[in-house]
Colleague: 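Mind having a look at this structure? Questions to follow.
This one's a predicted model, so the numbers in the text were calculated from it and none came from an experiment.
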Amino acid sequence: MNRYIILMLGFSISFLAYSQKKELIPKYLQLTETDSVYLKSVEKYIIEIDSFYNKFSQIKQPKEIYIQYENYLSKLPKKISGYEIIKLGFANRKEHFKKNKNRLRLVEITPITLKNGRFQVILTPYIAKLKSKRKLDLALSDWTIVFFEFKNGKLIHVETKNGGI
């Protein structure tokens with residue numbers, strides 16, 4: 001009888017732990033609409049990486065995206081569209097630069113802003129070189145702007161623009 005109760009309890013906990021229902025995910029882990037905008041922006045940036053860098057570059061692009069850590073990006077998942085998302089802050093940057101021979105592509109994501117009636121998030125990848133413990137050289141190469149409009153009570157992706165030097 002005890003085995004039966006333990007077995008049923010185990011199945012119940014497993015079912016609840018792996019269930020995908022939104023109400024069963026703890027509130028602090030659920031994405032807000034703003035979090036979803038950043039997630040969608042990174043997804044659009046990845047499409048740009050795949051369609052440009054991987055198409056026109058002779059060098060195979062790494063499947064890691066280093067993002068400059070900001071509090072508003074804390075709920076971004078660790079993997080998006082097959083790319084590992086690494087949030088780089090002062091505490092872990094030495095480790096990751098060392099792993100990449102003191103050179104990597106670091107993406108800065110701006111907070112969501114409103115311009116000309118549309119919301120936008122700008123993703124700016126830099127070629128970053130760690131010169132010393134406190135000195136980081138950044139070289140700008142291009143940018144991606146992801147636009148959203150407020151329709152039917154939600155922010156909807158409407159356009160992605162790219163530019164470069």
Colleague: Among residues two or more places apart or on two chains, list those pairs meeting salt bridge (charged side-chain N to carboxylate O under 4.0 Å, His left out) that have a residue in residues 86-95.
Modeller: none
Colleague: Between I112 and L155, is any pair of side-chain heavy atoms under 4.5 Å apart?
Modeller: yes
Colleague: Check side-chain hydrogen bond (donor to acceptor under 3.5 Å, both in side chains) between N162 and all other residues, then give those that pass, not counting sequence neighbours.
Modeller: E48, T144
Colleague: How would you list, by chain and number, every residue that makes a side-chain contact (heavy atoms from CB on, under 4.5 Å) with K99, sequence neighbours excluded?
Modeller: Y66
Colleague: Roughly how far, to the nearest 0.5 Å, is CG of L106 from CD1 of I86?
Modeller: 11.0 Å
Colleague: What distance separates K44 NZ from I49 CD1, expressed to the nearest 0.5 Å?
Modeller: 14.0 Å
Colleague: Between E84 and K79, which heavy-atom pair has the shortest distance, and what is it?
Modeller: CA-CG, 4.4 Å
Colleague: Sequence neighbours excluded, which residues qualify as side-chain hydrogen bond (donor to acceptor under 3.5 Å, both in side chains) partners of T160?
Modeller: H157
Colleague: Heavy atoms only: give me the nearest L114-G117 pair and the separation to one decimal.
Modeller: CD1-C, 3.8 Å
Colleague: Mind checking what makes salt bridge (Lys or Arg N to Asp or Glu O under 4.0 Å) contact with K40, not counting sequence neighbours?
Modeller: E43
Colleague: Which distance, rounded to the nearest 0.5 Å, do you find between the CD1 of I67 and the CD of E108?
Modeller: 11.5 Å
Colleague: What heavy-atom pair brings I80 and I46 nearest, and what distance separates the two atoms?
Modeller: O-CD1, 3.3 Å
Colleague: If the condition is side-chain hydrogen bond (donor to acceptor under 3.5 Å, both in side chains), which residues does R118 pass it with, not counting sequence neighbours?
Modeller: E159
Colleague: Atom CD1 in I85, atom CD in E64: separation rounded to 0.5 Å?
Modeller: 10.0 Å
Colleague: Under 4.5 Å between side-chain heavy atoms, hopping through other hydrophobics if needed: is there a path connecting L73 to L39?
Modeller: yes
Colleague: Given the rule that I, L, V, M, F, W and Y join up when any side-chain heavy atoms are under 4.5 Å apart, are I47 and L76 in one cluster?
Modeller: no
Colleague: Rounded to the nearest 0.5 Å, what separation is found between the CZ atom of R105 and the CD1 atom of I127?
Modeller: 5.5 Å
Colleague: Consider only side-chain heavy atoms of I, L, V, M, F, W and Y, link residues closer than 4.5 Å, and tell whether Y72 and I65 are in one cluster.
Modeller: yes
Colleague: With clusters defined by side-chain heavy atoms of hydrophobic residues (ILVMFWY) lying less than 4.5 Å apart, directly or transitively, does L136 cluster with L140?
Modeller: yes
Colleague: Any idea which heavy atoms bring N100 and H96 closest together, and the distance?
Modeller: ND2-O, 2.8 Å
Colleague: Evaluate the side-chain contact (heavy atoms from CB on, under 4.5 Å) criterion for residues Y83 and D50: first the C-alpha distance (whole Å), next the side-chain angles of each, then the deciding distance (0.1 Å), finally the verdict.
Modeller: CA-CA 11 Å; Y83 284 80; D50 286 341; 2.5 Å; yes
Colleague: Are Y45 and I109 close enough, and set up right, to give a side-chain contact (heavy atoms from CB on, under 4.5 Å), and what steps lead you there?
Modeller: CA-CA 11 Å; Y45 173 72; I109 302 175; over 6 Å; no
Colleague: Rounded to the nearest 0.5 Å, what separates atom CG in L123 from atom CH2 in W143?
Modeller: 13.5 Å
Colleague: Could you pull out the closest heavy-atom pair between P125 and D142, with the gap in Å?
Modeller: CD-O, 3.2 Å
Colleague: Go through the steps to decide whether L88 and L104 satisfy the test side-chain contact (heavy atoms from CB on, under 4.5 Å), and finish with yes or no.
Modeller: CA-CA 11 Å; L88 204 63; L104 52 82; 4.2 Å; yes
Colleague: Any side-chain heavy-atom pair from I156 and E149 closer than 4.5 angstrom?
Modeller: no
